[in-house]
Amino acid sequence: VNPNLRRTKPIILIVDDTVENLRVLSTALSNQGYDVRGVVNGQMALRAAQAEPPHLILLDIRMPGMDGYDVCRQLKQSEHTQDIPVVFLSALGDSLDKVQAFAVGGVDYITKPFQLDEVLVRVKNHLAIRAAQDAVRDLNQTLEQQVQERTFELAQTNQALRQEIEDRKRTEEALRQSEARYRLMADNISDLVSLHHKDGQFIYVSPSYQRLLGYSTDELIGKSLYALIHPEDTSQVQVHVNTGLTQIDLVQASYRIRHAAGHYLWVETLARPIINPCQSAEQFQAVSRDITRRVRAEAQLRHQALYDDLTQLPNRTLFMDRVNYALQKGQPGHAFAVLLIDLDRFKLVNDSLGHHSGDHLLISVANLLRQCLRPVDTLARWGGDEFSLLLPDLDDITDAIDVAITIQNQLSQAISLDEHTVVVSASIGLVWSAAHYHSATEILRDADIAMYRAKGQGRDRYEIFDPEMHREILHRLNLEHELRQSIEHQQLQVYFQPLINLKTGEIVGFESLSRWCHPDHGMISPETFIAIAEETGLIVAIGEWVLWETCRQLKQWQEQFPALRLLASINVASRQLQQSSFVTTIDEVLNATGITADCLQLEITESALIEDTDYTSQVLASLRQRQVRLSLDDFGTGYSSLSYLQRFPVNSLKIDKSFVGRVQPSLNSQEEAMGIIRAIVGLAQAMNLTVVPEGIETYHQFTVLRQIGCQVGQGYYFSRPLPADDITTHLRQGWRFQVHQPKNLGN
Ligand code: C2E
Ligand code: MG
Ligand code: MG
């Protein structure tokens, strides 16, 4: 914008080399109120225009030096002066080149001499045009600036919008990703995730429902959760969920849920109410986990804790529980019985046919027993080969006895095991519920006592417990205690009973028989205490002691009476034979006492031989190798006597005194007994065995047995068992028995 325009007076520059012209024009224009400047040549005009650009230039064409055209051309070339309107002045008659005047940038021309009015009008017009041009230019500039400002504003708004769009896009992407993550989780989680309306309707289900339960999402949405729950569990779950919803609390429940195929799975569910703005819960979400395997494993563990693996019968723990329960109910009308059933000689089957057959037998017996029961009865595996039976709600003890008899009949059936067939029997102890019982333990203790009584009475029978049995047991326990002490206090003694050569009457040796000199009860018979010692294992200590005592004593007698060649015969219990140290002990004793092995005879009963056949025969073989003599004691009272004679390397047989006792002329059974003895002797001779009858009490028995062919004998007829000192006295006196006269003249 030209600042001069703002001035009130427009500036007009007159360029003319004719001073008169300058004066006339200046005066006229000044009078019109213009600010007039005048110069006389082109150089000055250019300088003046540069210094302060005028609003209009009146420019003479013909001037010395630089003419008007050149001045105008130069004005138009300068940025500063190019917009100034130039009006040419030309003298009349000058050949005015109008075309050139306009070509160099002029806007008009005036010819001299001047018509002043015309000059003024033209000046005024050009100034007006110039002013209008400036105004238009100014307006344009303002407009352009406004446009620029608006454009800038728009660009800023645009930028802001673009930023916002960018931000939104980013948020949306983040949302999309997080949703995708959650979907991925929900899709792949093995747990069942669901959203429910508070009445149980499914609103959302995770795809795991399809995988785990076989239902598609469509099938479930809108359906009630409770429709899938096992009828027995529904109300429990409903109560839980409703409590959770009202109390706005997390709930946990385990229940069965139906698979599309119809079966049920166990699940454990955690349900969480969803709270709406009104602080109430209209929905709940649930996360459920399949716990079927865990539940099954727990059930199996429970089963294993209470049931026997082999027979699937209740075990001891469960049985005791039931008996205790029966005991608590114990009112009139609720009498009950407990039976303890022990298989006879089960060990024999186990040892000879193997454990597999043993197991098989137990299963078969369990099945046979099951058939004798009412639904309310409890049959249990008590342990090993023992079964226990609880018969509740009985009227009378005869009902229980009937069951015991039924069981015995049932068991008498042959049972086939793989290739073998066996017949079993059982010894049964029966206890009738009585007021004085306080615990199942007491009842079972008494059933055990009665069962042992049944075994003692010859097996395959039942015994009803009575308190007398209990007293006997206590007595035995007491005896056992005292027997232990008697060993410590050396109250045991060895007595010796001579073995006689029946042909010559000479003493060939002695059988050692132990005696218990009880400080209060006097002499206690081995018949009483040996059985207890065997049961408790005390027999091992007693037996070893007898061995030492006997061999020491024998050595003494052998040295005192070298002519006699005496022999010691010692009873050995099966428990001793089973001892792995037995043979070593024998070696030690022989070594220490200096007795030769062939002077030692061990008496073994048949029952010892059947216990563990393989091991026993090894032990006996090594004893025979050492020249120790072996004698089969109580022969004839056992089971299958003859087979043992072949299997075991014995030197002699002792015929049991029960046979010898029947050799009496007054008895009808004498012939039968003699027949048996004859048969035994015949057999023994064939096998080169010595036969030794024991319990010879009469001259008749002595002569008969000698006649039959027995070489050696033993019995009160010759001598009772005596203490060592008495024997020594007799031997000193030349002890010998007359064999040809009915009276024992020996001493
Ligand atoms: P056993 O080995 O058959 O011993 C013979 C038993 O018959 C002895 O009884 C003896 O006193 C008795 N006796 C001998 N002659 C006659 C007679 O003419 N008439 C009658 N009625 N009896 C006669 P005892 O000493 O009471 O021993 C009983 C059983 O105890 C023995 O029978 C034996 O099996 C066992 N025994 C004794 N001492 C021991 C021992 O130290 N160790 C072992 N393991 N058992 C022993
Ligand atoms: Mg004996
Ligand atoms: Mg005997």
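Note that these values count all heavy atoms, side chains included, but never hydrogens, waters or copies made by symmetry. Each ligand, and each atom within it, is numbered from 1 in the order the structure gives.
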*asked:* Minimum heavy-atom separation for D598 and R629, please, with both atom names.
replied: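 That would be O-CD, 3.3 Å.
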_Closest non-hydrogen atom pair between N651 and V628, with its separation_ =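 Taking N651 first and V628 second, the nearest heavy atoms are OD1-O, 4.3 Å.
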| field | Element-labelled atoms of ligand 1 that are located less than 4.0 Å from some non-hydrogen atom of A573 | value |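 It comes down to these atoms of ligand 1: 44 (N).
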Looking only at the side chains, is there a donor atom on one of Q714 and Q497 sitting less than 3.5 Å from an acceptor on the other?
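Note: Q714 and Q497 side chains meet the donor-acceptor criterion.
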If you draw a 6.0 Å radius around [atom1] in [X], do more than 12 non-hydrogen atoms from other residues or ligands fall strictly inside?
| X | atom1 | value |
| --- | --- | --- |
| Q413 | CD | yes |
| Y437 | OH | yes |
| N668 | CG | no |

Exercise. Please state the angle at the Mg ion (ligand 2) spanned by OE1 of E603 and OD1 of N571: what is it, rounded to 10 degrees?
Worked result: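 Reported to 10°, the angle equals 90°.
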N/O to N/O below 3.5 Å, does that happen between [X] and ligand 1?
| X | answer |
| --- | --- |
| Y717 | no |
| S512 | no |
| R515 | yes |

Within reach of ligand 1, part of [X] (heavy-atom separation under 4.0 Å):
| X | value |
| --- | --- |
| D633 | side chain |
| I696 | backbone |
| S514 | both |
| L513 | both |

Query raised in the report: Can you tell me if G543 has a non-hydrogen atom under 4.0 Å from ligand 1?
Result: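 Contact absent.
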request  = Would you please test Q670 and H700 for side-chain contact (heavy atoms from CB on, under 4.5 Å) and show each step?
outcome  = CA-CA 12 Å; Q670 178 180 236; H700 173 71; 2.8 Å; yes
Exercise. Among Q714, E697, E511, E694, which one has a heavy atom closest to atom 20 (C) of ligand 1?
Worked result: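 Closest candidate by heavy-atom distance is E697.
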Self-check item: Option with minimal heavy-atom separation from atom 7 (O) of ligand 1, where the choices are E549, E534, K654, K657
Solution: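 Among E549, E534, K654, K657, the closest heavy atom to atom 7 (O) of ligand 1 belongs to K657.
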Does R720 make a cation-pi contact with Y716 (under 6.0 Å, within 45 degrees of the axis)?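 Yes, R720 and Y716 form such a contact.
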Inset, instruction - Look at E694 and state whether any of its N, O or S atoms is less than 2.8 Å from the Mg ion (ligand 2). - result: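 So E694 does not count as coordinating the Mg ion (ligand 2).
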